[in-house]
Amino acid sequence: MKYAFFPGCVSRGGCPELYPATIKVCERLGLELDGLDKRGATCTGAGVLQEKNLFLGDVFNARTFAMAEELDLPLLTICSTCQGVMSQANKRLKDDADYLARVNAHLALEGLKYKGTAQPRHLLWTLIEDVGIEELKSFVIRPLTNLRVAPFYGCYMVRPSDALEFKLYPEREDSLERVMSALGADVVDFPGKTRCCGFPILTINERNSVKMVALHTSDAKDLGADALVTPCPLCHLNLDGYQPKAMQQAQRDIDIPIIHLPQLLGLAMGFDAKEMGLSRHIISAKRVLSKIKVPA
Amino acid sequence: MQITVSVRRYNPQDKETPSYWQEYSLEVEETSSVLDSLIKIREEEDGSLALRCSCRSAICGSCAMRINGHAKLACNTKVSDVAEDGGTIKVEPAGVMPVIKDLVVDQTLFWDKVKQVSPWLQPEGEEPEAEYLAPNSDMTHLAGVMACIMCGACVSDCTVLEMDPNFIGPAALAKAYRFAADPRDDQDASRLAALSEYGGVWDCTRCYECVEVCPKGVAPMDRIMALRDRAMEAGYTNNNGARHTDAFEASVSHSGRLNELTLPIKSFGVLNLPAQMSMAPVAIRALMRRKIPPIIHKSVPGVKNVRRLVESVKEEQQDEQAAG
Ligand code: SF4
Ligand code: SF4
Ligand code: FES
């Protein structure tokens with residue numbers, strides 16, 4: 001199966017380990033990727049641009065959708081925030097033909113036109129909706145037995161649920177748990193899994209942002225999780241990068257590794273730690289690796 | 001249908017016992033609401049169960065509580081929507097606000113926040129002879145916010161209020177928007193100035209919890225975003241939030257991508273040395289793990305097209321503004 005692939009800024013920016021890990025895992029799964037970044041697709045706006053200029057954000061995303069339509073390929077994302085922002089933009093564009101026409105008037109400058117058929121989908125959903133859980137299991141050569149993992153979705157993968165079409169695809173609601181179990185891991189049910197990591201207010205109210213990191217990482221730790229797994233690189237930036245500060249602030253030891261979804265897939269598929277870029281995290285992933293007997 | 005209702009109980013008079021879960025099994029109609037079930041428990045099984053309700057039709061806003069982990073109106077939630085036959089429903093008091101007993105919380109915080117935004121019209125100048133007139137379109141636009149029934153569901157699940165009671169919070173900020181956007185109100189400047197302070201519109205994480213749980217479609221977060229926009233338009237830009245948004249828009253409009261290296265620097269303000277320094281340990285740790293964005297910020301291929309697109313959008317927006 002072939003996809004128009006939207007990697008997002010952070011998978012090659014603040015989380016440079018995510019992009020190569022994704023490429024390897026998708027290749028193994030037989031998901032062929034045509035990178036929209038190479039075709040000049042822009043940032044989604046991440047919800048920040050939308051605060052200031054919602055219309056410009058919608059024009060940017062419609063442009064990316066039009067590129068995928070031109071290739072006649074389904075659109076694949078690997079970031080909860082990109083996914084959510086795209087889903088919301090898509091809803092506005094599809095719900096209102098006049099609005100779409102207004103957007104298309106600008107895209108015409110480049111000879112592009114969005115017809116309204118794109119369906120941006122995160123790798124997490126694609127695993128369930130295209131690959132299939134049973135098929136996914138057949139790629140597991142190193143079951144993650146005894147590894148206790150807690151899911152952390154990222155706000156934009158769970159809300160607003162109407163834009164994310166949870167009614168149409170009810171399995172999206174616990175997709176992360178489904179995938180983690182398929183890889184053989186023990187899922188730790190965890191109340192913080194759909195809460196906010198605090199990243200969006202990091203430069204605005206760092207104290208509150210770091211408090212969120214402290215709360216969720218320590219809750220997961222106290223529930224016996226060996227790691228948190230996230231489909232969102234922005235959550236990763238905060239939960240991993242600011243965990244040392246969170247430990248300082250909360251005055252306790254937490255030290256729980258944060259694993260990108262593709263890295264977890266890769267480990268179960270037999271890739272080594274280096275191939276998955278696991279040495280690049282701030283919080284060492286060694287504990288996870290020793291638990292599944294992978295050399296660090 | 002047969003259900004089990006698992007209720008988080010708490011009795012302040014019994015100082016020895018912390019809160020605990022109690023299960024009740026009962027038979028209810030498919031069409032019953034969670035509130036019907038709780039009332040049935042109270043009337044037929046356990047008279048000591050405390051809950052708050054009145055209208056039973058999603059009007060009074062008394063019965064907000066957490067059902068299966070999320071804030072909802074109990075009277076507006078059908079049992080069959082939250083449990084299968086033979087299944088369990090978890091019912092807890094609303095979050096953020098302190099529990100008085102069982103499912104009843106103390107809403108003082110909620111009302112204090114609402115009062116904090118001066119939720120009344122403050123026109124200036126001479127009073128008109130008859131009523132104040134307002135354009136129909138403005139008032140239909142505001143009808144969505146005015147639909148708020150003050151239930152506190154959004155406050156219960158707000159991710160920032162959970163951390164910091166200083167945040168004005170979703171319901172009160174939506175209320176603030178209701179007055180800032182009312183054409184009859186003349187205190188926009190002072191309202192927006194106050195809302196740009198610590199604890200105001202910029203403290204929201206944009207987590208969408210309030211949008212998701214609001215039973216009336218008020219969409220508090222969208223109102224907060226509209227307030228941010230208005231505050232920036234009105235010139236309240238000397239804060240990290242506004243600088244962050246500005247820098248983000250500039251970066252994406254210029255290169256098509258986010259410049260992760262300079263964004264935090266611009267958000268704090270280039271001259272804010274203490275804040276810049278506080279970033280240093282984090283940056284150094286990241287540097288040692290090679291967990292950093294490329295130093296040279298590259299534009300997307302064909303960035304000229306992106307810039308032309310931005311120009312064309314902005315031209316249209318300027319024309320619109322000029323046309324009023
Ligand atoms: S979007 Fe903002 S106001 Fe709404 S719940 Fe989240 S943090 Fe609170
Ligand atoms: S905004 Fe919605 S959830 Fe919040 S108090 Fe009003 S009606 Fe309730
Ligand atoms: S009882 Fe009035 S809103 Fe539920």
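Order of the sequence lines sets the chain letters (A, B, ...), proteins ahead of strands, with each chain counted from 1.
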### Message
Just verifying a value: how many Å separate T205(B) OG1 and L202(A) CG, rounded to the nearest 0.5 Å?
### Response
12.5 Å
### Task
Tabulate, in ascending numerical order, the residues of residues 304-311 of chain B having at least one heavy atom closer than 4.5 Å to a heavy atom of chain A, or enter 'none'.
N305(B), V306(B), R308(B), L309(B), V310(B)
### For chain A, the option from M221(B), M232(B), K314(B), R206(B) that forms the most heavy-atom pairs under 4.5 Å
R206(B)
### Task
Measure the shortest side-chain to side-chain distance between R195(A) and C207(B) over non-hydrogen atoms and say whether it is less than 4.5 angstrom.
no
### Query
Where do N208(A) and V160(B) land on the side-chain contact (heavy atoms from CB on, under 4.5 Å) test, with the steps shown first?
CA-CA 7 Å; N208(A) 286 351; V160(B) 173; 4.0 Å; yes
### Task
Heavy-atom distances under 4.5 Å only: say whether Q243(A) touches chain B with side chain, backbone, both or neither.
neither
### Query
Going from OG1 on T203(A) to NE2 on H244(B), what distance comes out if it is rounded to the nearest 0.5 angstrom?
5.0 Å
### Message
Apply side-chain contact (heavy atoms from CB on, under 4.5 Å) to residues V300(B) and R39(A) and explain how you reach the verdict.
### Response
CA-CA 8 Å; V300(B) 300; R39(A) 296 172 187 273; over 6 Å; no
#### Entry: Sidechain N-carboxylate O distance under 4.0 Å for K211(A), D164(B)
no
### Task
Examine whether an atom of F167(B) lies under 4.5 Å from a heavy atom of chain A, and if so say whether it belongs to the side chain, the backbone or both; otherwise answer neither.
neither
### Task
Any chance you could measure M163(B), atom CE, to C196(A), atom SG, to the nearest 0.5 Å?
9.0 Å
### Query
Going by residue number, which parts of residues 208-216 of chain B are within reach of chain A, meaning a heavy-atom gap below 4.5 Å?
Y208(B), E209(B), E212(B)
### Task
Tell me, for D157(B) versus chain A, whether the close heavy atoms (under 4.5 Å) come from the side chain, the backbone, both or neither.
both
#### Entry: Residue T194(A) versus chain B: region with a heavy atom under 4.5 Å
both
### Query
Can you tell me how far CD of E51(A) sits from CG of L227(B), rounded to the nearest 0.5 angstrom?
11.5 Å
### Task
Decide yes or no for F248(B) and K52(A): does some side-chain heavy atom of the first lie under 4.5 Å from some side-chain heavy atom of the second?
no
